[in-house]
Number of protein chains: 2
Amino acid sequence: MLTPERHKLIMQLLKEKGVVKIQDLVDITETSESTIRRDLTQLEEGKYLKRIHGGAARLQGKLQEPSMSEKSSRNLQQKRQIAQYAAGLVEGGDSIYLDAGSTVTEMIPYLPAKEIVVVTNGLMHISALLERNIKTFLLGGFAKEQTKAIIGRGALASLEYYRFDKCFMGVNGIHPQFGYTTPDQDEAMIKQKAISLSREAFVLADNTKFSEIAFAKIGELHTAAIITNELDEEQQETYTSKTTIKVVTA
Amino acid sequence: MLTPERHKLIMQLLKEKGVVKIQDLVDITETSESTIRRDLTQLEEGKYLKRIHGGAARLQGKLQEPSMSEKSSRNLQQKRQIAQYAAGLVEGGDSIYLDAGSTVTEMIPYLPAKEIVVVTNGLMHISALLERNIKTFLLGGFAKEQTKAIIGRGALASLEYYRFDKCFMGVNGIHPQFGYTTPDQDEAMIKQKAISLSREAFVLADNTKFSEIAFAKIGELHTAAIITNELDEEQQETYTSKTTIKVVTA
DNA sequence: TTGTTTTTGAATGAAAATGATTGATTTTTG
DNA sequence: CAAAAATCAATCATTTTCATTCAAAAACAA
């Protein structure tokens with residue numbers, strides 16, 4: 001059974017049942033567990049599903065809320081710490097860019113509401129921003145379903161209208177040699193441009209992003225400062241030599 | 001049974017019954033007590049429920065719904081009728097503009113999902129559109145908190161990139177002499193422009209909008225066709241002489 | 001064909017989830 | 001009130017699932 005067939009099958013089962021177990025997929029497709037795992041990993045990277053222990057789950061198309069499992073996890077606590085620190089960097093009068101992404105969303109409750117202007121391409125941020133009565137501008141363009149982000153030519157064009165004091169970006173990979181990377185080419189271009197339009201750029205990343213490489217390159221390490229939570233001595237040294245890095249400790 | 005499945009199940013039972021006993025959950029899920037306990041602990045950490053001795057209780061957080069349930073239920077039926085008819089006008093291959101507004105939102109479930117392209121300035125539409133996997137473009141610009149619409153210079157500028165087969169607009173006032181009106185000048189400009197970029201334009205309006213005048217003028221009656229629900233003979237005559245009007249009857 | 005890349009399946013140890021057990025705590029019962 | 005019963009948190013061994021690695025198989029190109 002060919003890879004795209006399996007992927008289609010998995011997605012179909014997922015659509016029907018909401019959750020699938022790896023063992024069931026192994027039986028149905030008559031392939032090895034390894035192969036199914038690889039399939040799930042790929043599909044998750046493309047934001048087609050959420051991997052869970054023992055299988056995979058359909059991801060709810062909801063525009064906000066993280067899922068039940070992640071809401072209670074340590075992971076969210078860490079994200080929130082990073083986000084809170086990042087939000088603390090914003091001063092009254094700033095105009096800032098908020099990249100699409102869940103870590104960045106966590107910044108919003110901590111932003112100084114008064115006198116700041118926010119520009120974003122993240123659909124998941126809007127309601128939180130409006131709720132706080134923050135002056136918000138949205139990029140125009142194509143609304144991508146999987147990542148809930150505005151992308152495309154239109155988005156790049158609308159970015160041109162703005163300049164930022166600070167921008168806050170999410171990335172999928174941080175690597176000493178390959179810099180900041182993300183799976184989607186279009187999103188990479190937006191991130192790139194936003195960084196170039198900003199006086200200061202910050203990348204928000206938990207420790208799982210380090211030494212990872214995703215498909216599309218955003219830029220070299222020195223183009224942005226990194227805000228993260230944990231990092232062992234060795235890695236910290238590696239990265240400190242290439243860019244500014246702030247480790248937020250618990 | 002996978003962890004998220006159990007979590008979902010627990011929450012569902014909780015929603016129905018208010019409280020659940022641990023033993024019942026053990027029986028239903030056919031897992032051990034330990035596991036259920038762990039589940040409850042996690043869910044409590046995520047603020048999904050309150051643990052009580054012997055089980056768990058629902059947490060009446062801010063689960064309030066759009067509270068105007070009573071008054072609008074009849075109104076909603078009417079809106080939905082209008083919306084459904086309007087959606088029926090859209091054909092595969094069309095590119096359409098959806099104005100911000102609650103009546104227009106009701107169109108989305110009835111739109112032919114395949115092969116259409118939607119452009120909108122209505123933030124309230126996005127999640128419904130994405131859920132239906134409809135190709136969606138959003139105008140860029142300022143996000144207005146009260147109306148959840150994108151407005152401003154940026155929005156006008158991004159409109160220029162598009163042309164539409166059909167556009168569907170909401171208005172606050174329809175008047176034989178003063179035409180279509182809406183309270184906000186900025187929104188009026190957007191609506192105006194969208195209509196001018198569209199081959200055919202439709203205004204969705206329930207009967208309460210007729211003979212009303214709001215502050216900012218969008219255009220004369222003849223610039224768009226009207227889709228409404230009820231309209232007495234006399235009025236219908238008045239308007240039919242000035243534009244196309246479709247009365248959707250129950 | 002031959003050499004190269006991609007895909008696959010198996011093996012490994014690490015990580016996570018589970019179920020049973022313990023003794024402490026709370027609730028119920030007499 | 002005190003004893004009994006039920007529920008609890010904490011711990012540990014076991015099982016399951018996981019990521020990673022590597023070599024074989026398959027698909028591909030020259």
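Every chain is numbered from 1, with letters handed out A, B, ... down the list of sequences. Only heavy atoms go into these numbers, but all of them, side chains included; no hydrogens, no water, no symmetry mates. This structure is a prediction, so every number in the text was calculated from the model and none was measured.
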So, does A:Thr228 use its side chain to make a donor-acceptor pair with the main chain of A:Ala205 at under 3.5 Å? yes
Regarding A:Thr31 and A:Arg6, is there a side-chain donor-to-acceptor distance under 3.5 Å anywhere? no
Could you list the donor-acceptor pairs under 3.5 angstrom formed between side-chain atoms of residues 215-226 of chain A and any protein atom two or more places apart in sequence or on another chain?
unit_1: A:Lys217; atom_1: NZ; unit_2: A:Glu220; atom_2: OE2; d: 2.7
unit_1: A:Thr223; atom_1: OG1; unit_2: A:Glu220; atom_2: O; d: 2.5

Please work out if A:Leu2 contacts a base, only the sugar-phosphate, or nothing of the nucleic acid, heavy-atom cut-off 4.0 Å. nothing
Whole-Å distance, B:Arg6 CZ to C:dG19 C1', equals 12 Å
Donor-acceptor pair, side chain of A:Asp99 and main chain of A:Gly170, under 3.5 angstrom: yes
Within residues 22-48 of chain A, which residues have any heavy atom lying less than 4.0 Å from an atom of DNA chain D? A:Ile22, A:Arg37
Using the rule side chain to side chain contact (heavy atoms under 4.5 Å, CB included), only one of A:Leu98, A:Val117, A:Ile96, A:Val119 pairs with A:Phe164; which is it? A:Val119
Examine the side chains of A:Lys50 and A:Ser67 and answer whether a donor and an acceptor come within less than 3.5 Å of each other. no
Under 4.0 Å from any heavy atom of chain A: name the first and the last nucleotide of DNA chain D that qualifies, 5' to 3'. D:dT17 to D:dA19
Taking atom CD of A:Glu30 and atom CE of A:Met1, what is their separation to the nearest 0.5 Å? 8.0 Å
Looking at every non-hydrogen atom in both residues, tell me the closest pair between B:Arg58 and B:Lys15 and how far apart they are. NH1-O, 2.9 Å
Need to verify one output field. Residue with the more 5' nearest nucleotide on DNA chain D, A:Lys21 or A:Glu212? A:Lys21
